[in-house]
Amino acid sequence: MRKQIMEILTEICPGVDFENEKALIDDGLIDSLDIVAVVTELMEAFDVELGVDDLTPENFNSVEAIEELIESKQS
Amino acid sequence: MSFASLPFVGLVAAGVILYYLVPKRAQWLLLLAVSMAFYLAGGAKRAVWLVLVAGLTWLAGLLLEKQNARPAPDKTAKTAVRRVKKRICAACLVLCFGLLYLMKYWNFTASALPSAIGDKLPRWDFVVPLGLSYFIFQAAGYVIDVYRGKYPAQKNPLKYGLFVSFFPQMVQGPISRYDQLAPQLLSARGLDWRDLKFGIQLCLWGYFKKLVIADRAAVLVNAVITENCPYGGAVVACGILFYCIQLYCDFSGGIDITRGVARMFGIDMAENFRRPIFATSLTDYWRRWHITLGAWMRDYVFYPLSLSRGFGKISRWARAHIRGTGGKIFATSLATFIVYLIIGVWHGANFRYIAFGLWNGVLITASLLLEKTFLRWKAALHIDDKSAAWRVFMTLRTGLLVFVGRYFTRAPRLRSVFTLLKTTVLHPQPSQLLDGTLLSLGLAKTDFLVVALALAVLLTLECFQERGVHIRPALEKKPGFVQWLAVTALLLAVLLLGVFRAGYIPSGFIYTQF
Amino acid sequence: MSSKKWVLVFLATVFVLAALLAGLNAAVDPFGAFGDRLLSWFSYDETNNPRVAKLSYLEQHHDEYDSYILGCSSTSSFPVDAFNEAFDARFYNLIMYGADMRDCEKITRYLIEHYEVKNLILNVYLDNGLEYDEESDRLTKSLHYKEDPDTSALSFYTRYLFADPRYALAKLNALRTDTILPQTFDVFDERTGCYDKRVRDAEPIGSAERYLESYPVFADYPHQTLSLPYTEPCMQSVAAIRAMCEEAGVNLTVVAGPVYAAYLKNYQTEDIAAFYRSLAQVTPFWDFSSSSVSCEMRYFYDGTHFRNNVGEMMCARMTGRTDLWLPDDFGTYVTADTPEEYFTDVLSPAALSPDEISAQVPILMYHHLSEDVTNSEMVSPEQFEAQIRALSEAGYTGVSFDELQAYVLRGAPLPEKPVVITFDDGYESNYTLAYPILQKYGMKATIFAIGVSFGKDHYKDTDYAITPHFGAAEAAEMAASGLISIQSHTYDMHQWPPYESGSAVRENILPLPGESEEAYVQALTEDFTRSRALLEDAAGQPVDVLAYPAGQYSTLAQVTLQSLGVHVTLSTNPGVNTVVRGLPQTLYAMLRFGITEDVTPEALLDMIR
């Protein structure tokens, strides 16, 4: 799953070090348009429902956080 | 009550003194009392709408809270709860925005429709209450947040009322979030001299921008940008340039006063401006200009819209029917376009503002759709987009786009927008800049000098801030005398160049009028 | 520096600055809001805001007055001294430029409630229907809080305590540049409350062409389209004033001051008629608004304000005096019973023709008669006689300045072709050679004698010989004949530098270089008083005419002499004078033709035509 998430992220935001960055939202490395694009892709790829309430910094600040979010939605 | 009036200063002074004298439990009540005094000073009739909106949204919050607290063990229960919640939230928002629409936009729509229909419609004659657009948005944000379960609703109507009516924000925002502002408003605090100091500094700086720069620039703007402007394009461009200066200094100065006053009560309000002059793209600009409006639009319009089922369908259709990146980002681009259209309309009920929204929307959406193309061009021309030269170019380009956008918001009518733009480009008459025309618009040479010097100070400070230098801590390291000198110089500038700028009539002139 | 210290020091700075500003404004008091205790320059304060400053003045001085004149700017020309005499009262003129009838109502209420008010004269001007209850500038057009129930003392005092410091600084600057005569910053006369119009009252006026050069506004009168939207509230205030006066036993006289004819054209006739008609319904009033006076621009010192002279005429008409000339159609007492047609008929007055209102008066200037003509100031007796004979045969009558004054002030008739013959310096030849010739032809003349050379043939107390001047005996004889008038050419302000020892030589009536205004006025006053005493003593006639040495004069000299009772002054500028009925200013700095030996009788007649 992590690999898939990484692919989606790097396709939408090339040039960001998603491996190591832990403050993707707080540091403004992904902007609101990218978020939406990422979320739409994630919803398609993992067949989960993500809503606006899920768009918090905690959920998207790092790849690990995104992973956790999707896992919680799948269960 | 205008910010730049003695009664306002008196109200703030009295409010701050009392705030630190009353028992801590009553501090929030005092804030509410001061806010009421401020609002009522503008006329009791207008306060009715504020109370109405506050009451409506508070009630909706309570009802949503009750739904949130309902036990919903299974999926059907959850769906039922969600349906009720949707209805409550929708009803409240429709009422609030309907009210906004009725007061601000009804007459406009009625006159915009073809006269066969439009003339039959009644016209309302409301006196629009102070800050209507701001507090409706702020209250709506609260309702949507409670709907989303972000935080529990506020049960105390007076405490909620303080959030909606806190007086510094009533004039021009910022549009605050409940979970950021309310806890500060409602908590008790002792006197921290740093708060007073920072608040005073912020207020002074705001008054400086407003009274010394903005009010002066306004004189020229009002003289040049008129219905039948007789001046050549260069002077018109000058007028719009001064309008950009006026707007930024007036708006950001007002926000500084707002934040400074709040700071004196120990409350930190959201920033609304982050040195927009350094923006490198229109999107970047809207992240530096009127930040809270952009954030509100993002969280309550853009995200819900682009993540909605409807837009999901549009996105799938687009991917199927449009090749390349266009297909992938079509839906979000559409959502972006809609957001900027709404921002345009938010400014006022006029075709100009719709055009303004279109101007921003089209440019930003186009840049989104053409992003990959631009990347290819940059590679082909070997442009390094980290280089200083390229960044300067981008900043200037953005500045130009913003500058043109201001034609839309300042010209008296939509038709004048195009006339003025045409005049600027086709009939510049640049000689008018040097032949004394500029001195005949109501500003003397000294006024231009003052504006230039003040802008130089402003820009220097903003340059430092953009590089990450924090002005306040830097100043605190200087010796006490230098600090006193700096603030006294600012105070004198505000008084002599700002408060006492206009209105002086020499006695010879008084008599000769008769 | 700790934050606490920073805040406290900052607040202290603010308080100090506020205190400095308040202190400056309270001490210098450019609007008179605080009573101007320090500088007591009400004339300045009243120019900034007459509403506030005049009330401050009255708070300190109201026991010197028992009657008031009230109205907007044209009210200034209501003469306080004339009304004092007519009503046996002590009037104060509360003229406030830009005052509307609401202001007048508020002030009347205050006056009646706080001061002794026996008489009230209210001027209702057309502009009172144009604006009502207007306070466009808070510092310069507002009322004093005491006279305005809508203003609190707190807002009043804070407004003036924290007013723009430029006003106070301007007043301090004006103190430095203040002169005796009014400037644009101190236009009021504190004692009477009227505008200080000494300059306008003493300025030379002549023909219509000449007037247009000084007052071009009348050549190109600005046209506006005005209406009278506030006629009704204006009249309501007038009614309120009338009711207040009736209740308090105040003798109210309502006057509609003269309006310049071209200004009337800015309004619609129906509006004007409705204005005065509704005024008549509220109270009877003296209507001076439209008459032949309105058509003569020289009666106005600007496009809308009539001169003090017209004010004197108004007072005379209102009090039934007959000693002043008044046009027949000037002033009607209008009541509610006045027929409606009056209000429209009066709007098309017939202007007085130049013949009815003015006369052309040439003045000839001679100095010395002698057989031996050596300079341009000398004329041979033969030539002089030929000139006088030519005048007589052409039908010219020599007139005295008394006759001119009577024409201007009291409307007495002048002969068809008047001429004034004058002699400067007072040479003995005037007595020995000119007097017999004048007697022969029955021509009146006026001789201007210098005081220091009266009866002398040496220059003052030096040994320098001068052409002999006649003395007291000759003056008495000539005056007694009724033909000659002996008037002033100053006592010692026509000095001859080569014979003077000091460096401060007064060649003419102008001040010495570096001489202060006060010293100059005193010097001039002393000089003229001496001259008058000497000549009145000698000739037994009142001395009220002065010919300026070398024709040099200044505004300050004019004003000073007028205040000393000089009614006619003469220059040496050539030209024929136009004297106008009702305008004593036409007797100031009069034009004279200097007659030399080579002026033939025919040329002379040509010159003065």
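Here is the naming used below: chain letters follow the sequence lines, and residue numbers restart at 1 for every chain.
Contact annotation for C:A163: only backbone heavy atoms (N, CA, C, O) come within less than 4.5 Å of a heavy atom of chain B. For C:D127, no part lies near chain B; criterion is any non-hydrogen pair under 4.5 Å. Heavy-atom distances place no part of B:L191 under 4.5 Å from chain C, backbone and side chain included. Residue contact with chain B, scored on non-hydrogen atoms closer than 4.5 Å, involves the side chain of C:L17 exclusively. Contacts between B:L491 and chain C at a heavy-atom distance below 4.5 Å involve the side chain alone, from C-beta outward.
Within 6.0 Å of the CG atom in B:L6, the count of heavy atoms belonging to other residues, nucleotides or ligands does not exceed 12. Counting non-hydrogen atoms of neighbouring residues, nucleotides and ligands closer than 6.0 angstrom, the OH atom of C:Y230 reaches no more than 12 such neighbours. The environment of B:F448 atom CZ is dense: over 12 non-hydrogen atoms of other residues, nucleotides or ligands sit within 6.0 angstrom. More than 12 heavy atoms of other residues, nucleotides or ligands lie within 6.0 Å of CZ in B:R501, so this atom counts as buried by the packing criterion.
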| said: I'd like to know whether C:F162 forms a side chain to side chain contact (heavy atoms under 4.5 Å, CB included) with B:V499, so could you lay out the CA-CA distance, the side-chain angles of the two residues, the decisive distance to 0.1 Å, and finally the verdict. | reply: CA-CA 10 Å; C:F162 299 112; B:V499 174; over 6 Å; no
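Each of B:L496, B:I200, B:V487 has some count of heavy-atom pairs under 4.5 Å with chain C, and the biggest count is that of B:I200. With chain B as the partner, the residue from C:T158, C:D186, C:T13 showing the most heavy-atom pairs under 4.5 Å is C:T13. For the set C:R166, C:K171, C:Q183, the count of heavy-atom pairs under 4.5 angstrom toward chain B peaks at C:R166.
Listed here is the closest heavy atom pair of C:L21 and B:F500: CD2-CZ, 3.7 Å.
Taking the side chain as every heavy atom from C-beta outward, B:W193 and C:S2 never approach each other to under 4.5 Å.
Taking CG from B:L204 and CZ from C:F10, the interatomic distance works out to 4.5 Å, rounded to the nearest 0.5 Å.
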